[in-house]
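What follows is one structure encoded as structure tokens, with my remarks underneath.
Each chain gets a letter, A, B and so on, in the order its sequence line appears, and its residues count up from 1.
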2 protein chains.
Amino acid sequence: MNGTDIVLDKTDLSILRLMQENARMTNADLARELEMAPSAVLERVKKLEQKQVIVKYTTRINPVALGQTLLAFIAMKSSEGMGSNNTAKELAKIPEVQEVHHIAGEDCYMVKVRTADSASLMDLMRNKFSKIQNITSTRTTIVLETVKEEQQLVIPVK
Amino acid sequence: MNGTDIVLDKTDLSILRLMQENARMTNADLARELEMAPSAVLERVKKLEQKQVIVKYTTRINPVALGQTLLAFIAMKSSEGMGSNNTAKELAKIPEVQEVHHIAGEDCYMVKVRTADSASLMDLMRNKFSKIQNITSTRTTIVLETVKEEQQLVIPVK
DNA sequence: TAAAAATTTCGAATTTTATTCGAAATAATC
DNA sequence: GATTATTTCGAATAAAATTCGAAATTTTTA
């Protein structure tokens, strides 16, 4: 028995489903939806936060509105030993780097980056990536059009 | 002049920065932080929603808590003509598919998928992907470890 | 540049929600 | 089946959301 096994009942799942869809839903509305007292629902939400089931409440902003129109995936190879993931941690520190995954296969990392344009991506690679140890190669794939981009999980009914 | 050019001033950017970090921040707290009247801040937030600068308020849920431990990137080739993106749209309909990007380069699409395990990924490919027209090949990359995964944008100060 | 128009902000009033906490109900354990 | 722990409830209070007219500010235009 470790901290990993978290029991979520039907009510918890409903809360998560509703909150995933709208993080600013009021506790009162949640309670109405679930036909429970607001205080009971609040208790549950707080527990979900404590248990780190709920990681964060975030606002999705239209990247275009901020002029961030370039999205790219970069597959990287690293000469780093298998034990450490310092390269990944360094990459993760860069704000424009949205995702860093250690992957199976020929490449070591899959990195997702969002910048204003190709010039700023070039900047990033020249000024930031170049300073990170052990990166031996990068293969950049530019996104032409994004059809779907979300991180909504599929929440089971029970 | 089209609907694309949205003017965001310093206050808007501050709101976005705060809300991106915590979507459930109260309007009252926002107002305190910005040293403005709550009513004025509320007005701005509503406008950001209307202008679709704010796309959604969402709750990030720990995938492990829901037993969704498998993440994969799938590079796909499609025989579809360049004009349409029906393949992408069909992929986007699948809940387990979190991202669909049309990419430059040899492959056509980059697809990000999250499922419970490799068996359910196999299921998905056999039962859903196989029904989508024009997919001529897939190359699946399994994620071993995720070091960073977010979609926070870099919001300029001014 | 000065007047007019449009937008933004404010503040006070009202409605709604969040939060607290003791008690009752329910569920789990021994 | 009694005990213990957990969850839910409901009522009371504090806090926040929302509304809206008026003032201030900014932008437009003549």
Side-chain angles (χ1 to χ4, degrees), chain A residues 1-62 64-67 155-158, chain B residues 1-62 64-67 155-158:
Chain A
M1 197 216 299
N2 56 28
T4 324
D5 58 335
I6 294 164
V7 194
L8 301 174
D9 66 9
K10 202 161 54 161
T11 307
D12 287 325
L13 295 175
S14 295
I15 290 173
L16 293 175
R17 203 175 302 109
L18 291 163
M19 295 283 273
Q20 180 173 244
E21 210 41 53
N22 177 16
R24 279 185 77 79
M25 188 174 198
T26 65
N27 187 58
D29 278 342
L30 264 180
R32 272 187 285 269
E33 203 72 48
L34 303 171
E35 296 179 313
M36 284 173 67
S39 49
V41 176
L42 189 66
E43 192 74 11
R44 275 177 178 265
V45 171
K46 282 187 173 166
K47 258 170 205 153
L48 290 169
E49 291 169 359
Q50 274 166 3
K51 287 190 281 188
Q52 296 271 66
V53 174
I54 289 177
V55 177
K56 185 172 204 161
Y57 301 107
T58 185
T59 299
R60 281 179 59 75
I61 299 164
N62 181 359
V64 177
L66 292 176
I155 300 177
V157 182
K158 177 51 222 284
Chain B
M1 199 217 300
N2 56 28
T4 324
D5 56 335
I6 293 164
V7 194
L8 300 174
D9 65 9
K10 203 161 54 159
T11 307
D12 288 325
L13 295 176
S14 295
I15 290 172
L16 293 175
R17 202 174 305 109
L18 291 163
M19 295 284 273
Q20 180 172 245
E21 212 40 53
N22 177 16
R24 279 185 79 78
M25 188 175 199
T26 65
N27 187 58
D29 278 341
L30 264 181
R32 272 187 284 270
E33 202 73 50
L34 303 172
E35 297 181 312
M36 283 174 66
S39 49
V41 176
L42 189 66
E43 193 75 10
R44 274 178 180 266
V45 172
K46 281 187 172 167
K47 258 169 206 153
L48 290 169
E49 291 169 359
Q50 275 167 2
K51 288 190 281 188
Q52 295 271 67
V53 174
I54 290 176
V55 177
K56 184 170 203 160
Y57 302 107
T58 185
T59 298
R60 281 179 59 74
I61 299 163
N62 182 358
V64 177
L66 293 175
I155 299 177
V157 182
K158 175 57 220 285

Quick one: CG on B:L8 to CZ on B:R44, what's the gap to the nearest 0.5 Å?
9.5 Å
Side chain of A:D29 only, please: which of D:dT18, C:dT17, D:dC9 is the nearest?
C:dT17
Among D:dA17, D:dA16, D:dT7, the one nearest any side-chain atom of A:R44 is D:dT7
B:R32 side chain vs B:P38 backbone, donor-acceptor pair below 3.5 Å:
no
Reckon B:K47 has a side-chain N or O less than 4.0 Å from the OP1 or OP2 of C:dT8?
yes
Over how many whole Å does the gap from A:D12 atom CG to D:dT6 atom P extend?
15 Å
Rounded to the Å, how far apart are B:D9 CG and D:dT25 P?
16 Å
Taking the minimum atom-to-atom distance to the side chain of B:E43, which one of C:dT9, D:dT7, D:dA16 wins?
C:dT9
Using whole Å, what does the distance between atom P of nucleotide C:dT7 and atom NZ of B:K46 come to?
17 Å
Is there a side-chain contact between B:K51 and A:N62 in this structure, where contact means two heavy atoms from C-beta onward sitting under 4.5 Å apart?
no
Nucleotide D:dG10, atom P - distance to CE of A:M36 in whole Å
11 Å
Closest-nucleotide mapping onto DNA chain D: is A:R24 or A:A40 further toward the 5' terminus? I mean the 5' end.
A:A40
Please check this pair: side chain of B:T58 against backbone of A:Q20, looking for a donor-acceptor N/O pair closer than 3.5 Å.
yes
Separation of A:K51 atom NZ from D:dT6 atom P, in whole Å?
12 Å
Length of the CG-P vector between B:N27 and C:dT16, whole Å:
17 Å
Rounded to whole angstroms, how far apart are CE on B:M25 and P on C:dA18?
16 Å
Touch class at under 4.0 angstrom, heavy-atom based, for B:T26 against every strand present
sugar-phosphate
So does B:M25 get a backbone contact from the side chain of A:R24, meaning a donor-acceptor N/O pair under 3.5 Å?
yes
Select one nucleotide: of C:dC10, C:dT19, D:dT18, the one nearest the side-chain heavy atoms of A:L42.
C:dT19
Starting at atom CD of B:E35, determine the distance to atom P of C:dG11, rounded to an integer number of angstrom.
13 Å
